[in-house]
Asks: 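Just dropping this structure here.
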Amino acid sequence: MSAQETPEGSFPSPTNSTWAENLYEAIFNTCTAEGFAPVPRQAVLEGLAPALGRGEAKRIIERRRGSRFLRGTAYGFEQRDTDGALLVLKVELHGAATLPWVINDRTRSAWLHPSAENQERLEELVDQQRLVAAWTVGVERARAARRALASTATPAEKDAAVAAVETAEEELARARRELEACEQALGKRRPLPVVRAVTEDGAPLAALTTEGVRAEVAAEVQRYAVEMLRRRARQRPYDLVESLVQEGQRDSTVVVLQRTPVTDQDGARRNVWRGQQATGANRADARLETFGISAQQLLTGVPQALLRLPGEEENRRMVVRGLGEILRRISALLNAEYVAPGRDPEGRAQRAMRIAQVPARVVVGAKKPERLEESLRQLNVHEHLRGQLDYEDMDRSLGLWSTLVKAYQAAGRLGELLAQEVTQGRVAAGELHEDAIADALVGARALDALDVLLPPGDEVSPMTLRDVAIRCATVMLFPPVPPRPENLAPRAPMPTGRYWPVVRAALQEASWSQENGTRAKRRTEIWAAVVAQHFLRPGPLAAAEGLFGKAEVQFGVRPDARSLASLLTACRQGDAAAWETLVRRHLVPGMISGAEPFITPNEGSFKAADRKGVRRSPSNAVQSLVNAYTDPPQGVTHELLVAFAEEILHAPDAGFGVPDEAPGTFWAPDPLGNPREGVLADKEWFDNLFPLTSFRKGERQKPPAEAATGAEGAGSGGDTVELEEEIPESALARMTRLRAELASAVTSNTESVTAVVEQLSQLLAIIQDAVRAREDADAPEEPAEVQKLYVQDFGKIKEEAAKIAPLLDAATLAVISL
């Protein structure tokens with residue numbers, strides 16, 4: 001079969017160049033008439049036209065007033081009447097024409113922020129993968145050469161062959177160890193590629209583009225994206241590939257045209273245009289699997305051996321790159337296979353028949369192309385949040401976070417909130433680039449866009465950028481609510497300010513007055529998921545349980561305006577409030593997601609073989625560290641605490657650690673703040689130094705509010721004066737304050753009782769172990785006088801415990817009248 005002869009059949013051939021030009025003209029004229037920015041011409045010629053099904057180009061084009069337009073039935077709109085409105089083309093595409101989009105909401109937690117450091121690590125990993133592949137081939141060749149030796153070979157030749165095999169195996173083992181080190185440096189994840197709208201002649205258009213990378217790097221990113229998709233799809237209760245084979249694809253998915261600039265091994269640069277499945281990515285992967293090619297091959301090139309036409313010589317060094325040629329070869333091979341006598345009923349042609357063409361809505365116009373990626377991301381979030389597959393907890397939380405950030409933008413409150421609360425009015429809201437900041441907060445670009453929010457005194461570094469991102473997430477999830485006005489009627493609705501209604505609508509919560517722990521838990525999970533994405537080794541969501549309570553949900557969290565350097569200086573000078581702020585708002589993320597986590601979920605057995613430290617609630621671990629500043633355990637000093645805090649802040653970015661341990665680990669500090677070599681700072685060390693606390697924790701310190709944020713507008717500052725006499729507190733203000741303190745007091749007492757129960761469980765375990773040890777040693781029992789003293793002590797404990805139930809009964813009756 002010649003290169004131009006393509007058998008007719010169900011699998012379509014690419015659209016010819018004339019109809020491709022006609023299609024672009026129709027798209028351009030229609031977008032202009034509707035007020036949308038069109039896709040680039042090359043996107044249509046190289047990414048869309050080759051992928052169209054049979055006769056689709058002719059079906060969707062009509063002539064009006066001497067020009068070509070899209071037929072009215074051939075296009076529609078997504079998110080109409082919004083800034084993110086899209087014009088989509090309703091067509092049938094070749095089943096093997098599109099790729100799973102890397103930016104998939106269901107796999108969001110599997111990606112790193114796209115920083116320059118992470119990109120360099122990815123380059124090193126790809127180089128090491130090539131080296132491992134080369135040495136794997138070298139080992140096979142050395143073994144084949146040894147097997148091919150004739151029996152008459154001399155001993156020297158045999159020894160040389162054996163030595164060659166051993167050398168190759170040693171080099172392969174070393175390359176694999178270095179590859180594992182590269183994987184560890186990335187936390188076994190990959191940096192998410194940055195995508196933006198394509199710009200031509202200074203104008204953005206309705207297609208996306210990534211940053212230029214090597215072809216091997218682009219292929220690795222696509223491979224990893226598919227691997228993560230398949231991992232998430234294991235929850236599916238049926239086989240998606242077999243479903244498509246038996247029933248085809250019934251629903252239409254959204255496709256965006258994306259350019260991937262790549263550099264080949266010979267140094268040549270080229271632009272790869274492909275349709276990316278913004279929705280239906282799993283179906284795109286399943287279709288490619290059925291057609292027998294991988295996503296990374298479709299992106300960077302398919303080996304000719306997989307698409308060799310009849311009569312064509314096999315060339316192991318040839319790669320088919322053009323989308324039109326790839327699809328032409330696939331269709332030719334499958335059409336020929338399908339009409340061949342005695343075809344295999346389980347062959348590719350038969351299995352791919354029902355997905356030879358699939359329905360799609362291709363984005364060909366955008367109202368604001370600058371927001372194209374955001375609009376598509378929200379379509380993806382919406383499909384998954386209301387889809388049939390369950391989310392992973394981390395990805396569900398990140399999807400809700402993306403929805404919340406968009407809600408702040410849509411309400412025009414994002415820049416205002418961050419300027420007022422994070423920068424404390426130092427930067428005006430109008431000076432903030434909201435789109436760039438929003439992309440950085442959801443992980444769509446590097447955190448460098450947040451440098452304008454850094455407090456004075458903080459240099460731009462991965463540590464400070466991560467810290468300001470965490471500040472933003474905290475205040476956005478727990479926005480400040482103004483105090484209840486004194487003149488407000490008792491049953492009047494509480495004015496919640498500008499920001500709380502945005503959060504309520506985005507997360508679909510109950511009204512402000514309905515205080516409940518479920519809302520606090522849900523927001524804490526979202527906070528934990530967002531914060532975890534800033535670390536190479538994200539900790540579990542359960543490790544943040546209880547760190548935010550009902551009070552933080554109802555009244556918000558006001559960030560401290562001081563920089564990290566200022567907070568550390570204040571801690572050295574004896575400022576207990578600064579230490580509490582540093583611990584609760586800045587150290588906790590690193591203590592959960594560090595190389596050696598110090599805060600873990602309150603789950604599992606006390607005697608688990610793989611558990612470091614003791615089982616304790618996250619809030620108990622945080623409280624014990626806070627209390628250590630004013631009531632230090634034995635051996636704890638302010639110097640030790642500050643040194644520990646500095647290590648926690650810097651550890652995630654450290655490329656080195658304790659010898660034979662993961663990068664980011666560090667030696668435990670001594671009372672002078674110097675590292676104690678040989679003592680690893682881990683959870684066991686932390687729990688021994690900062691034991692379980694069972695006493696009532698004090699009221700959390702809050703930074704002074706320099707400006708009240710309420711429904712009436714921005715707060716007004718001014719000079720303050722101190723009166724000679726205290727202003728008496730009104731009954732209404734006292735009631736409001738005590739109601740706010742009640743939730744914290746209940747939480748504190750719950751934790752205290754829980755800690756007592758845990759300690760009594762430990763006491764029982766010690767006694768039972770002592771009894772077993774005495775029986776094993778065949779030793780005599782303790783004297784009766786000693787046993788009697790123990791019984792008396794236990795009786796006193798029971799007497800104190802008996803007082804708890806009546807007090808709780810009285811509190812229960814009282815709270816009914818609150």
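Please read these numbers as outputs of a predicted model, since none were measured by experiment.
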Asks: With a 4.0 Å cut-off, would you call Arg562 and Asp575 a salt bridge?
Replies: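 Salt bridge present between Arg562 and Asp575.
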
Asks: With a 4.5 Å cut-off on side-chain heavy atoms, are Ser593 and Arg537 touching?
Replies: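 When only atoms from C-beta onward are counted, Ser593 and Arg537 do not touch, as no gap falls below 4.5 Å.
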
Asks: Start with the C-alpha gap between Asn602 and Glu545, add the side-chain angles, then the distance that decides, and say whether side chain to side chain contact (heavy atoms under 4.5 Å, CB included) holds.
Replies: CA-CA 9 Å; Asn602 187 21; Glu545 185 175 355; over 6 Å; no

Asks: Rounded to the nearest 0.5 Å, how far does CG of Leu641 lie from CG of Leu625?
Replies: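 Going from the CG atom of Leu625 to the CG atom of Leu641 covers 6.5 Å.
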
Asks: Which heavy atom of Ala419 sits nearest a heavy atom of Val427, and at what distance?
Replies: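 Looking at all heavy atoms of both residues, the closest pair is CB-O, 3.2 Å.
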
Asks: Do Glu800 and Lys803 meet the salt-bridge criterion of a basic N to acidic O distance under 4.0 Å?
Replies: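 Yes, this pair counts.
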
Asks: Are a donor atom and an acceptor atom from the side chains of Ser624 and Arg616 found within less than 3.5 Å of each other?
Replies: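 Distance-only check passes for Ser624 and Arg616.
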
Asks: Is the ring centre of Phe644 less than 6.0 Å from the ring centre of Phe598?
Replies: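 Aromatic pair counts; centres sit under 6.0 Å.
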
Asks: Consider only side-chain N and O atoms of His586 and Asp467, and report whether a donor and an acceptor are under 3.5 Å apart.
Replies: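 Short answer, yes.
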
Asks: Using modelled atom types only, decide if a donor and an acceptor are shared between the side chain of Gln424 and the backbone of Glu421 within a distance under 3.5 Å.
Replies: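 Yes, because the side chain of Gln424 sits within donor-acceptor range (under 3.5 Å) of the backbone of Glu421.
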
Asks: Could you tell me whether a side-chain N or O of Gln787 sits under 3.5 Å from a main-chain N or O of Glu782, the two making a donor and an acceptor?
Replies: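 It does hold such a pair.
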
Asks: Gln554 side chain to Ala551 main-chain N or O, any donor-acceptor pair under 3.5 Å?
Replies: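 Answer holds: no.
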
Asks: Say whether, by atom type as modelled, one donor and one acceptor occur between the side chain of Asp670 and the main chain of Asn674 under 3.5 angstrom.
Replies: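 Such a contact is found between Asp670 side chain and Asn674 backbone.
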
Asks: Does a side-chain heavy-atom distance below 4.5 Å link Ser109 with Arg189?
Replies: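 Ser109 does not reach Arg189 side chain to side chain.
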
Asks: If we ignore angles and hydrogens, is there a donor and acceptor under 3.5 Å between the side chains of Asn627 and Gln623?
Replies: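 Yes, Gln623 and Asn627 have a side-chain donor paired with an acceptor closer than 3.5 Å.
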
Asks: Roughly how far, to the nearest 0.5 Å, is CH2 of Trp401 from CG of Leu477?
Replies: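 Separation between the atoms: 5.0 Å.
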
Asks: Closest heavy-atom contact between Ile437 and Ala449?
Replies: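 That closest heavy-atom pairing would be CG1-O, 3.9 Å.
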
Asks: Test side chain to side chain contact (heavy atoms under 4.5 Å, CB included) on Met476 and Leu441 and set out the steps.
Replies: CA-CA 11 Å; Met476 290 172 68; Leu441 291 176; 3.7 Å; yes

Asks: If we ignore angles and hydrogens, is there a donor and acceptor under 3.5 Å between the side chains of Ser566 and Thr569?
Replies: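 Ser566 vs Thr569: no donor-acceptor pair found between side chains.
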
Asks: Which atom names give the shortest non-hydrogen contact between Pro669 and Ala643, and what distance separates them?
Replies: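 Reported closest heavy-atom pair: CB-CB, 4.0 Å.
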
Asks: Can you tell whether the side chains of Arg523 and Glu509 come within less than 4.0 Å, N to carboxylate O?
Replies: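 Salt bridge present between Arg523 and Glu509.
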
Asks: Testing the basics here: between Ala645 and Leu568, what is the closest heavy-atom pair and its distance to 0.1 Å?
Replies: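 Here Ala645 and Leu568 meet closest at CB-CD2, 4.2 Å.
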
Asks: Under a 4.5 Å cut-off applied to non-hydrogen side-chain atoms, are Leu547 and Ile599 in contact?
Replies: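 No, their side chains stay 4.5 Å or more apart.
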
Asks: Starting at CZ of Arg585, measure out to CZ of Arg471 and round the result to the nearest 0.5 Å.
Replies: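 Between atom CZ of Arg585 and atom CZ of Arg471 there are 11.5 Å.
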
Asks: Shortest non-hydrogen contact from Ile592 to Pro540?
Replies: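 Closest pair (atom of Ile592, atom of Pro540, distance): CG2-O, 4.3 Å.
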
Asks: As a quick check of understanding, evaluate salt bridge (charged side-chain N to carboxylate O under 4.0 Å, His left out) for Lys683 and Glu596, giving each step before the final call.
Replies: CA-CA 7 Å; Lys683 189 175 189 299; Glu596 282 288 341; over 6 Å; no

Asks: Could you pull out the closest heavy-atom pair between Pro480 and Leu417, with the gap in Å?
Replies: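 That would be CD-CD1, 4.3 Å.
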
Asks: Strictly distance-based, threshold 3.5 Å: is any side-chain N or O of Tyr629 a donor or acceptor partner for the main-chain N or O of Thr637?
Replies: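 No; judged by distance alone, with no hydrogens or angles, the pair does not exist.
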
Asks: Any side-chain heavy atom of Trp579 sitting closer than 4.5 Å to one from Thr630?
Replies: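 Sidechains of Thr630 and Trp579: no contact.
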
Asks: Looking at Lys788, I'd like to know if its NZ atom is crowded, meaning that more than 12 non-hydrogen atoms belonging to other residues, nucleotides or ligands lie closer than 6.0 Å.
Replies: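 Counting other residues, nucleotides and ligands, NZ of Lys788 stays at 12 neighbours or fewer.
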
Asks: Check this for me: does any side-chain nitrogen of one of Glu646 and Arg572 sit under 4.0 Å from a carboxylate oxygen of the other?
Replies: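 Salt bridge: yes.
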
Asks: State which residues pass side chain to side chain contact (heavy atoms under 4.5 Å, CB included) with Leu763; sequence neighbours excluded, sorted by chain then number.
Replies: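 Partners of Leu763 under the side chain to side chain contact (heavy atoms under 4.5 Å, CB included) test: Leu760, Ile767, Phe794.
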
Asks: Working to the nearest 0.5 angstrom, can you tell me the gap between Asp687 CG and Glu684 CD?
Replies: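 So the gap between those two atoms works out to 8.5 Å.
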
Asks: Can you tell if the side chain of Phe666 reaches within under 4.5 Å of the side chain of His650, non-hydrogen atoms only?
Replies: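 Contact flag for Phe666/His650 side chains = no.
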
Asks: Within a radius of less than 6.0 Å around CD of Glu459, do more than 12 heavy atoms belonging to other residues, nucleotides or ligands occur?
Replies: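 Incorrect, the count does not exceed 12.
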
Asks: Go through the steps to decide whether Val557 and Phe548 satisfy the test side chain to side chain contact (heavy atoms under 4.5 Å, CB included), and finish with yes or no.
Replies: CA-CA 9 Å; Val557 176; Phe548 296 91; 4.2 Å; yes

Asks: Using the rule given for side chain to side chain contact (heavy atoms under 4.5 Å, CB included), can you reason through Thr474 versus Trp527, listing the C-alpha separation, both sets of side-chain angles and the distance that settles it, and then say yes or no?
Replies: CA-CA 7 Å; Thr474 304; Trp527 179 87; 2.9 Å; yes

Asks: Side-chain contact test, heavy atoms from C-beta onward, threshold under 4.5 Å: evaluate it for Arg676 versus Trp667 and give yes or no.
Replies: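 Side-chain contact under 4.5 Å: no.
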
Asks: Hey, does the side chain of Arg108 reach the backbone of Met394 with a donor-acceptor pair shorter than 3.5 angstrom?
Replies: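 Flag not set: sc Arg108 to bb Met394 has no pair under 3.5 Å.
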
Asks: Quick one: does Arg558's side chain get under 4.5 Å of Val475's, heavy atoms only?
Replies: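 When only atoms from C-beta onward are counted, Val475 and Arg558 do not touch, as no gap falls below 4.5 Å.
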
Asks: To the nearest 0.5 Å, tell me how far Arg772 CZ sits from Asp769 CG.
Replies: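 Spacing of CZ (Arg772) from CG (Asp769) equals 4.5 Å.
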
Asks: For Arg584, is there an ion pair with Glu580 - N to carboxylate O distance below 4.0 angstrom?
Replies: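 Judged by the 4.0 Å cut-off on N to carboxylate O distance, Glu580 and Arg584 do form a salt bridge.
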
Asks: In Å, rounded to the nearest 0.5 Å, how long is the span from CG of Leu564 to CE of Met463?
Replies: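 One finds 5.5 Å between CG of Leu564 and CE of Met463.
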
Asks: Just so I know, are the side chains of Asp793 and Ile797 near enough to count as touching, which here means a heavy-atom distance under 4.5 Å?
Replies: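 In short, these two side chains do not touch, never coming nearer than 4.5 Å.
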
Asks: So does Asp393 get a backbone contact from the side chain of Ser397, meaning a donor-acceptor N/O pair under 3.5 Å?
Replies: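 Yes; judged by distance alone, with no hydrogens or angles, the pair exists.
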
Asks: Is it true that a side-chain atom of Arg426 and a backbone atom of Leu454 form a donor plus acceptor pair closer than 3.5 Å?
Replies: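 Yes: the side chain of Arg426 pairs with the backbone of Leu454.
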
